[in-house]
Student: 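Structure below; questions to follow.
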Amino acid sequence: MTRRRKILIVLACVVGLTVVNLVVLHSRAIQDPIFERVAAEIEMRTGVEIDFGDAGFRIWPARLAAEGVEASVGGVTLARAERIDARWNWSDLWREPRLVNAVVISGLDIDLTEIPEFPDRQLRHESDAADPWRLVEIGRLEIRGHGGASAALGMAAGLDGLEVAAGLVDGAAGLELRAVDLWVERSERVLDLGAVALDATANEKGIEVQRLDLSGGDIVLEARGGAGFDEPTAAETGLRVVGDLADIITWWDPNIASGLEPAGRLDAEGEIVLPNGRITADLIHRGGRLQVAGYDLDELGLRLDGENTDVRLRGETWGDARVTIDRSFLATVTAVLHDAPVE
């Protein structure tokens, strides 16, 4: 046997073994136990049960595809995704931090209307010491979702047409979120908040919201602000709220609206601050004249200092008034009236 023939036989054997190994590695008999191990590890660390309806990965080019993915806790499903795709380079997984080039989540539905109690999980010591901002990097994260729903404090909220573009690289995260419609329900009364646009960045020091806009619904909201992670309670947000006063109060409580007979378009702006765990807010109406209980309001202000809520009112035709509500909901009214009818 010639030397060339021996070399060809060796090369053929190497190629054949490589093909066989690839076929074996891509078989369901090998891959299914891997996904089961991944799901078991996630549940052990977090208490979240992951169910992969149909999943597989390719060695080269490196990619993963999973369909019918569900996340649940205690039998309560919190999220469903029609499909999850991920791409990476093997060389990027050997460096620190590990990099996943792209993750695309399609057909995401989130249901937080019932939040179960998460079981206690003892995290491993190395997880406690790891820097979450540099543990794993994601070059591009896309979420193309149907929406989500949640419930708290006697109200429910829903989001439709969710689109997210995000990433986490070099210890800095960026987020662009868009949604077709956001609504809030209270006692079967729905307040339509319209389309949502949110742009934010974050790192280990804190989060900065460059844009949060709600538009096209019953109210318009614009907010900008930030919060520090070193002092989790330290946050500051500037905002503007515009909407029909009667619609807003009627949504909150029709009985109050019936008694006050509000009219006019609210256009308030100000800021909300959280210093030392206390919420303080200062909002001032800067729009046109409002009307409440038959009184014209040329000025309207709201201040919350963590202990009391102060409402300041003034009308050119009747005078000034201040209503202070303490933590026990006891209201104190101070007024200076000018020929105003009092009933």
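Quick caveat: nothing in here was measured; it's all calculated off a predicted structure. Side-chain atoms are counted along with the backbone in the values below, which use heavy atoms only and exclude waters and symmetry mates.
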Student: Would you say N89's side chain and D92's backbone share a donor-acceptor pair under 3.5 angstrom?
Tutor: no
Student: Taking atom CH2 of W90 as the centre, report whether more than 12 heavy atoms of other residues, nucleotides or ligands fall under 6.0 Å from it.
Tutor: yes
Student: Look only at the side chain of R303 and the backbone of D282, and say whether a donor-acceptor pair between them is shorter than 3.5 Å.
Tutor: no
Student: Can you confirm whether more than 12 heavy atoms, excluding those of R189, are under 6.0 Å from its CZ atom?
Tutor: yes
Student: Look at the side-chain heavy atoms of Ile, Leu, Val, Met, Phe, Trp and Tyr, link any pair under 4.5 Å apart, and say whether L297 and I284 land in one connected group.
Tutor: no
Student: With rounding to the nearest 0.5 Å, note down the distance linking CZ in R80 to CD1 in I105.
Tutor: 15.5 Å
Student: Return yes if some donor-acceptor pair links the side-chain N/O of D170 with the main-chain N/O of A172 below 3.5 Å, else return no.
Tutor: no
Student: Do I207 and T201 have side-chain heavy atoms sitting under 4.5 Å apart?
Tutor: no
Student: Taking everything shown except R327 itself, do over 12 heavy atoms lie less than 6.0 Å from its CZ?
Tutor: no
Student: Could you please spell out the steps behind the side chain to side chain contact (heavy atoms under 4.5 Å, CB included) verdict for L302 and T309?
Tutor: CA-CA 7 Å; L302 171 68; T309 301; 3.5 Å; yes
Student: Atom CZ of residue position R186 - does it have more than 12 heavy atoms of other residues, nucleotides or ligands inside 6.0 Å?
Tutor: yes
Student: Sub-3.5 Å donor-acceptor pair from the side chain of T250 to the main-chain atoms of A246, do we have one?
Tutor: yes
Student: For the side chain of R95 and the backbone of P97, is there at least one donor-acceptor N/O pair under 3.5 Å apart?
Tutor: yes
Student: Treating Ile, Leu, Val, Met, Phe, Trp and Tyr as nodes and any side-chain heavy-atom pair under 4.5 angstrom as an edge, say whether V100 and V104 lie in one connected cluster.
Tutor: no
Student: According to a 4.5 Å side-chain heavy-atom criterion applied to Ile, Leu, Val, Met, Phe, Trp and Tyr, with indirect links allowed, do I249 and V220 form part of one hydrophobic cluster?
Tutor: no
Student: With side chains defined as the heavy atoms from C-beta onward, is the minimum distance between Q291 and E261 less than 4.5 Å?
Tutor: no
Student: Sort out for me which residue in R224, Q210, R178 forms a side chain to side chain donor-acceptor pair (under 3.5 Å) with D199.
Tutor: R178
Student: Strictly below 4.0 Å, N to O, side chains only: are D298 and R289 in salt-bridge contact?
Tutor: yes
Student: Quick one: are I256 and S258 in side-chain contact, heavy atoms under 4.5 Å?
Tutor: no
Student: Can you confirm whether more than 12 heavy atoms, excluding those of E117, are under 6.0 Å from its CD atom?
Tutor: no
Student: What I'd like to find out is whether the side chain of L175 reaches to under 4.5 Å of the side chain of V164, using heavy atoms alone.
Tutor: yes
Student: Report yes if some heavy atom in the side chain of L177 is under 4.5 Å from a heavy atom in the side chain of L162; otherwise report no.
Tutor: yes
Student: Within a reach of under 6.0 Å around CD of E114, are more than 12 heavy atoms found that belong to other residues, nucleotides or ligands?
Tutor: no
Student: Could you grab the distance from atom CD1 of I219 to atom CH2 of W251, nearest 0.5 Å is fine?
Tutor: 8.5 Å
Student: A side-chain contact here means heavy atoms from C-beta on lying under 4.5 Å apart; do E299 and R312 qualify?
Tutor: no
Student: Let me confirm one number: the CG-CH2 distance from D160 to W183, rounded to the nearest 0.5 Å.
Tutor: 7.5 Å
Student: Distance from S91 atom OG to L99 atom CG, nearest 0.5 Å?
Tutor: 9.0 Å
Student: Is there a side-chain contact between L283 and L239 (heavy atoms, below 4.5 Å)?
Tutor: yes
Student: Assigning hydrophobic clusters by single linkage (Ile, Leu, Val, Met, Phe, Trp, Tyr; side-chain heavy-atom cutoff under 4.5 Å), is L330 placed with V333?
Tutor: no
Student: Between CG of L193 and CG of L159, what distance do you get to the nearest 0.5 Å?
Tutor: 10.0 Å
Student: For a 4.5 angstrom cut-off between non-hydrogen side-chain atoms, does L198 reach V209?
Tutor: yes
Student: Which pair of non-hydrogen atoms, one from I138 and one from V169, has the smallest distance, and what is that distance?
Tutor: O-CG2, 3.8 Å
Student: Taking atom types as modelled, is there a side-chain donor on D213 or S215 under 3.5 Å from an acceptor on the other?
Tutor: no
Student: I need the S150 OG to I110 CD1 distance, nearest 0.5 Å.
Tutor: 9.5 Å
Student: Looking only at the side chains, is there a donor atom on one of H285 and E269 sitting less than 3.5 Å from an acceptor on the other?
Tutor: no
Student: With distance as the sole criterion, is a donor-acceptor pair present between the side chains of N308 and T324 under 3.5 Å?
Tutor: no
Student: Looking at D218 and D192, would you say the former's side chain and the latter's main chain have a donor-acceptor pair under 3.5 Å?
Tutor: yes
Student: Output, in order, the C-alpha distance, side-chain angles, deciding distance and verdict of side chain to side chain contact (heavy atoms under 4.5 Å, CB included) for E67 and E82.
Tutor: CA-CA 5 Å; E67 297 182 350; E82 293 176 357; over 6 Å; no
Student: Are V184 and V242 grouped together when hydrophobic residues (ILVMFWY) are joined by side-chain heavy atoms under 4.5 angstrom apart?
Tutor: no
